[in-house]
Amino acid sequence: MAAENIAVTRETFDNVILPVYAPAQFVPVKGKGSRVWDQQGKEYIDFSGGIAVTALGHCHPALVETLKRQGETLWHTSNVFTNEPALRLATKLIAATFADRVFFGNSGAEANEAAFKLARYYACKKHSPFKSKIIAFHNAFHGRTLFTVSVGGQPKYSDGFGPKPADIVHVPFNDLAAVKAVIDDHTCAIVVEPIQGEGGVMPATPEFMQGLRALCDEHNALLVLDEVQSGMGRSGKLFSYEHYGIQPDILTTAKALGGGFPVSAMLTTHEIASVMAPGVHGTTYGGNPLACAIAETALDIINTPAVLAGVEARRQQFTDALRALDSELDIFSEIRGKGLLMGAVLKPEHASKARDILNAAAAEGVMILTAGSDVIRFVPSLVITPEEIDAGMTRFAAALRRVIAA
Ligand SMILES: *Cc1c(COP(=O)(O)O)cnc(C)c1O
């Protein structure tokens, strides 16, 4: 079939794509900064950031420049050979964090899969094969492989795919007593998002995170932080564990790491990494030169005082606008989150309207997200301009007024 005869409208989706998504009715074709255009040339302000991925906006000139340069140099070699961009990116991630060893993957799920396998393997090699219990949390989200949906705390994502990996226990988030009740010396890891993203934009309390660290130390268990969404500057720090005065044993990052190019990383210490050996784990594409070169550029830009300090000012502008809207419409019970991972929680009487609000916002020309059933989520570019925030919030306000009036 000639390429020009292939239909590429929204209707085509239903005929050619596995029906696991329900995409918006418009099809984006172009982006620049925090603006996106659809097939009809209609403009949108992007508060969705490709789900917290495009942290430097669309087609950032420095990322495009690296994509072109590395694209004309070397794309892929496999891990039978190492490469310069991977070694540079790993060195910079280590310099910027608690870590001293890095494993590269291609998605958040893949980084988490590596993290959970490492936690089990470390316990098996250093302690006992029976030290396999993983403690995780209700509403947690860790990805879509069978292990990661099983550690995730939303049974709707794992039901029907059994038998599931065993010895995983879920307890309420931010409930230290519940963790104390289930942790024992057979526990190999506690897995937690410092700010739950998909589960409703819910930050961990400092007491909770510090308590988890202490419980892990007491029971020789590893503290695994899933910073796939909360990391890479999203919270105003490079990684959100820095807000809590603790250090993890293993940390995963993805989403914003490549600014829109698929890449993920699992970070850990030398001591934990030392149980691994060639052949124990791996992935074909992980750490490829193209992905790592782009991530290095993204890290160079994000890990600067200018970008990290700018997060709080932008958050303020968003929350001021959301509070003003709330005093007009009396619709939110809470504005929560950290940095530019923000959730506006709908009051119970409006809780069923999240999807309608999302659709109305698109009609007005602003892309937003939900998180859970009753939370409107904003995860824009970390370098979105004040004008773009203003324009987007004006459109969002029009959408909200329309849904509330209906
Ligand atoms: C998105 C997300 C994942 C999964 O990442 P994928 O790239 O979709 O595999 C895992 N953990 C958290 C906290 C996430 O937000």
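Order of listing sets the numbers, starting from 1, for every ligand and every atom in it. Computed from a prediction, not measured in an experiment: that's the story for all the values here.
By the neighbour-count criterion of 12 heavy atoms within 6.0 Å, atom NZ of Lys125 is sparsely surrounded, having that number or fewer from other residues, nucleotides or ligands.
Because its NZ or CZ atom is not both nearer than 6.0 Å to the ring centre of Tyr44 and within 45° of the ring axis, Arg35 does not count as a cation-pi partner of that residue.
Near Ser107, with a cut-off below 4.0 Å to any heavy atom, the atoms of ligand 1 are 7 (O), 9 (O). Set against the non-hydrogen atoms of Gln229, the atoms of ligand 1 under 4.0 Å away are 15 (O). Interface atoms of ligand 1 facing Asp226, defined by a heavy-atom separation under 4.0 Å, are 10 (C), 11 (N), 12 (C), 13 (C). Counting the atoms of ligand 1 from 1 in the order shown, those under 4.0 Å from a heavy atom of Gly143 are 4 (C), 10 (C). Heavy-atom contacts of Ala109 reach the following atoms of ligand 1: 4 (C), 5 (O), 6 (P), 9 (O) (cutoff under 4.0 Å). Those atoms of ligand 1 with a heavy atom of Glu193 less than 4.0 angstrom away are 13 (C). Distances below 4.0 Å separate heavy atoms of Lys255 from the following atoms of ligand 1: 1 (C), 2 (C), 3 (C), 14 (C), 15 (O).
Ring orientation note: the planes of Phe208 and Phe137 are nearly perpendicular, at an angle over 60° on the 30°/60° scale.
Annotation: Phe47 is not in aromatic contact with Phe396 [ring centroid separation under 6.0 Å not met].
Here the straight-line distance linking atom OG1 of Thr394 with atom CD of Glu364 works out to 10.5 Å at 0.5 Å rounding.
Defined by atom type and a distance below 3.5 Å, a donor-acceptor pair is missing between the side-chain atoms of Ser333 and Lys347.
Using a 4.0 Å cut-off between heavy atoms, Asn112 contacts ligand 1 through its side chain alone, with no backbone atom that close. At a 4.0 Å heavy-atom cut-off, ligand 1 touches His142 through the backbone alone. Of the heavy atoms in Ala254, none comes closer than 4.0 Å to ligand 1.
Residue pairs meeting the side-chain hydrogen bond (donor to acceptor under 3.5 Å, both in side chains) criterion with at least one partner in residues 267-283, sequence neighbours excluded, are Arg101-His270, Glu110-Thr283, Lys117-His281, Tyr122-Glu271.
Looking at atom 6 (P) of ligand 1, its nearest protein heavy atom turns out to be Gly108 N, 3.4 Å.
On a distance-only criterion, Phe141 and ligand 1 share at least one N/O pair closer than 3.5 Å.
Using a 4.0 Å cut-off between a side-chain N of Lys or Arg and a carboxylate O of Asp or Glu, Asp185 and Lys131 do not qualify as a salt bridge.
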